[in-house]
Structure formats: C-alpha cells, structure tokens
Trainee: 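One structure is given below, represented as structure tokens, and several questions about it will come after.
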Amino acid sequence: MQQEPAPLARHLRIHQDRGHTVLELHGEIDIAAAMEIIPHLDHVTGRPDTRLVIDLSGVEFFDCSGLRLLYRARARVRDGGGRLLLVCTHPLTLRVLRVTGLARLLPPMPTLDAALEQPEATSGWV
C-alpha cells in the first residue's frame with residue numbers, strides 16, 4: 001500500500017511503497033543538499049534489513065556529493081543486511097554513475113515500478 005509522500009526537506013521526500021522505503025531526491029544534489037539529506041538517509045538506513053529505493057528521477061544536477069550519498073546508503077544498508085535499489089534516467093547522472101563504477105554496484109532502473117518489481121535474488125542486493 002502506497003502512502004502519500006511527506007516532504008522532509010527541500011530536496012527529499014520519503015514514502016513507503018510495496019514494502020520498501022522510497023527516498024525521492026529532487027533538484028540539484030550538491031554539498032548543500034547532501035547536508036540536508038544525510039540525517040534522513042542515516043535514519044532510514046540505520047535499521048536492520050532495510051528495503052530501500054533511492055529515486056533520482058527528479059534530480060537535475062548530481063555531483064560528487066550525490067555519489068557520496070549513494071555510497072553511504074549502500075554501505076549502511078549492506079551492513080544491516082538490507083536491500084538497496086536505484087532509479088535513474090537522467091543521461092548526465094547515468095554517465096556519472098557509469099564512469100565511477102557505481103552503476104555496476106547499483107544498477108539503475110528506469111522507473112520506480114521497475115525497481116520494485118525486481119526479484120530479491122537479483123540485482124539490488126548489496
């Protein structure tokens with residue numbers, strides 16, 4: 001059952017969908033946005049067996065601060081025995097993910113539905 005997203009910060013909304021917590025990032029994800037997002041990210045990823053989707057569909061700009069958020073989320077979810085999936089379609093963000101190798105660790109899905117339909121035995125386990 002899907003809940004209405006709750007805006008927590010200018011660049012972030014969090015909601016539940018099909019047993020996953022969905023973090024929707026919006027706008028420009030730079031160092032200022034990352035500082036705003038980190039406490040919420042840490043809260044969500046601090047739980048054991050977290051099932052998390054980070055949705056970058058609404059991101060217009062993504063720099064190394066955004067990459068650090070993804071690596072941080074991946075490490076925290078992995079340490080807790082959880083699952084992390086990524087949604088991304090923006091060509092420049094996809095390029096950054098590919099160039100840095102993060103796309104191999106977190107294969108980006110084209111939509112939230114595509115990510116949530118992934119069997120748990122396939123990509124997305126970290």
Side-chain angles (χ1 to χ4, degrees):
M1 185 159 123
Q2 186 173 347
Q3 284 182 298
E4 186 63 29
L8 294 173
R10 190 168 54 129
H11 298 281
L12 174 69
R13 283 190 290 170
I14 299 176
H15 60 97
Q16 298 294 314
D17 194 340
R18 292 173 254 179
H20 288 74
T21 301
V22 180
L23 272 66
E24 293 179 7
L25 303 184
H26 299 277
E28 296 186 4
I29 306 304
D30 56 14
I31 190 149
M35 296 307 292
E36 178 182 295
I37 293 166
I38 284 173
H40 303 289
L41 178 77
D42 285 354
H43 176 72
V44 170
T45 59
R47 303 176 197 144
D49 301 318
T50 297
R51 295 165 53 113
L52 177 65
V53 178
I54 297 179
D55 187 347
L56 302 179
S57 299
V59 170
E60 300 161 7
F61 174 81
F62 192 82
D63 70 7
C64 61
S65 300
L67 287 173
R68 280 194 295 275
L69 287 173
L70 294 179
Y71 276 107
R72 180 184 192 107
R74 181 179 181 273
R76 291 174 59 85
V77 169
R78 183 186 61 220
D79 290 348
R83 178 181 194 200
L84 175 60
L85 298 161
L86 181 65
V87 176
C88 182
T89 57
H90 192 282
L92 293 176
T93 304
L94 287 169
R95 182 175 180 208
V96 168
L97 295 173
R98 278 193 299 271
V99 166
T100 60
L102 190 54
R104 285 187 309 254
L105 300 174
L106 289 173
M109 301 286 125
T111 65
L112 180 59
D113 283 336
L116 293 173
E117 291 168 2
Q118 287 293 302
E120 294 199 11
T122 62
S123 66
W125 282 100
V126 292

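Computed from a predicted model, the values in this text were never measured in an experiment.
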Trainee: Applying side chain to side chain contact (heavy atoms under 4.5 Å, CB included), name anything that partners Ile38, two or more places apart in sequence or on another chain.
Mentor: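 Ile38: side chain to side chain contact (heavy atoms under 4.5 Å, CB included) contacts with Met35, Asp42, Leu69, Arg72.
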
Trainee: Considering all heavy atoms of both residues, which atom of Gly66 and which atom of Ile29 are nearest to each other, and what is their separation?
Mentor: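 Heavy-atom minimum between the residues: CA-CG2, 3.7 Å.
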
Trainee: Does the side chain of Arg83 come within less than 4.5 Å of Gln118's, by heavy atoms?
Mentor: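 Side chain of Gln118 against side chain of Arg83, heavy atoms only: contact under 4.5 Å found.
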
Trainee: What is the distance from atom OG of Ser65 to atom CD1 of Ile31, rounded to the nearest 0.5 Å?
Mentor: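 Those atoms lie 4.5 Å apart.
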
Trainee: Short question: side chain of His20, backbone of Val22 - any donor-acceptor pair under 3.5 Å?
Mentor: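 The answer is no, because no donor-acceptor pair under 3.5 Å joins these two groups.
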
Trainee: Any side-chain heavy atom of Val53 within less than 4.5 Å of one from Val87?
Mentor: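 They are in side-chain contact.
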
Trainee: When rounded to the nearest 0.5 angstrom, what distance separates NE2 in His15 from CG in Asp17?
Mentor: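 It comes to 6.0 Å.
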
Trainee: Give a yes or no on whether Tyr71 and Ile37 share a hydrophobic cluster (residues Ile, Leu, Val, Met, Phe, Trp, Tyr; joining criterion: side-chain heavy atoms under 4.5 Å apart).
Mentor: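 The answer is yes; both residues are in one hydrophobic cluster.
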
Trainee: If you measure from CG on Leu56 to CD1 on Ile54, what distance do you get to the nearest 0.5 Å?
Mentor: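 Rounded to the nearest 0.5 Å, the CG-CD1 separation comes to 7.0 Å.
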
Trainee: Locate the shortest heavy-atom distance separating Ala33 from Glu28; write the atom from each residue and the value.
Mentor: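 For Ala33 versus Glu28, the nearest heavy atoms are CB-O, 3.4 Å.
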
Trainee: CZ of Arg68 to CG of Asp63: how many Å apart, nearest 0.5 Å?
Mentor: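 With rounding to 0.5 Å, CZ (Arg68) is 7.5 Å from CG (Asp63).
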
Trainee: Do Thr50 and Arg47 get their side chains close enough for a donor-acceptor pair, meaning under 3.5 Å?
Mentor: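 The criterion, which ignores hydrogens and geometry beyond distance, is not satisfied for Arg47 and Thr50.
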
Trainee: Taking Phe61 as the starting point, is it possible to reach Leu97 by hopping between hydrophobic residues whose side chains are less than 4.5 Å apart?
Mentor: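 Leu97 and Phe61: separate clusters.
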
Trainee: What I'd like to find out is whether the side chain of His40 reaches to under 4.5 Å of the side chain of Leu23, using heavy atoms alone.
Mentor: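 The answer is no, as the side chains (C-beta and beyond) never meet within the 4.5 Å cut-off.
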
Trainee: Any side-chain heavy atom of Leu94 within less than 4.5 Å of one from His90?
Mentor: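 When only atoms from C-beta onward are counted, His90 and Leu94 do not touch, as no gap falls below 4.5 Å.
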
Trainee: State, to 0.1 Å, how close Ile14 and Thr21 come at their nearest heavy-atom pair, and which atoms those are.
Mentor: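 Scanning both residues, the minimum pair turns out to be CG2-CG2, 3.6 Å.
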
Trainee: Is it the case that the side chain of Glu24 and the backbone of Leu12 share a donor-acceptor pair, with hydrogens and angles ignored and the cut-off at 3.5 Å?
Mentor: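 Side chain of Glu24 to backbone of Leu12, a donor-acceptor pair under 3.5 Å: no, none is there.
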
Trainee: Look up atom CD in Glu60 and atom CG in Leu92, then write down how far apart they are to the nearest 0.5 Å.
Mentor: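 Result: 12.0 Å between the selected atoms.
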
Trainee: Working note: Asp113 + Thr111, criterion side-chain hydrogen bond (donor to acceptor under 3.5 Å, both in side chains); need CA distance, chi angles, decisive distance, verdict.
Mentor: CA-CA 5 Å; Asp113 283 336; Thr111 65; 5.4 Å; no

Trainee: How long is the gap from CE on Met109 to CG on Leu85, to the nearest 0.5 Å?
Mentor: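 Reported value, rounded in 0.5 Å steps: 7.0 Å.
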
Trainee: Do side-chain atoms of His11 reach the backbone of His26 as a donor and acceptor pair under 3.5 angstrom?
Mentor: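 A pair under 3.5 Å: yes.
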
Trainee: What do the steps show when you test Val44 against Leu52 for side chain to side chain contact (heavy atoms under 4.5 Å, CB included), and what is the final call?
Mentor: CA-CA 8 Å; Val44 170; Leu52 177 65; 3.8 Å; yes

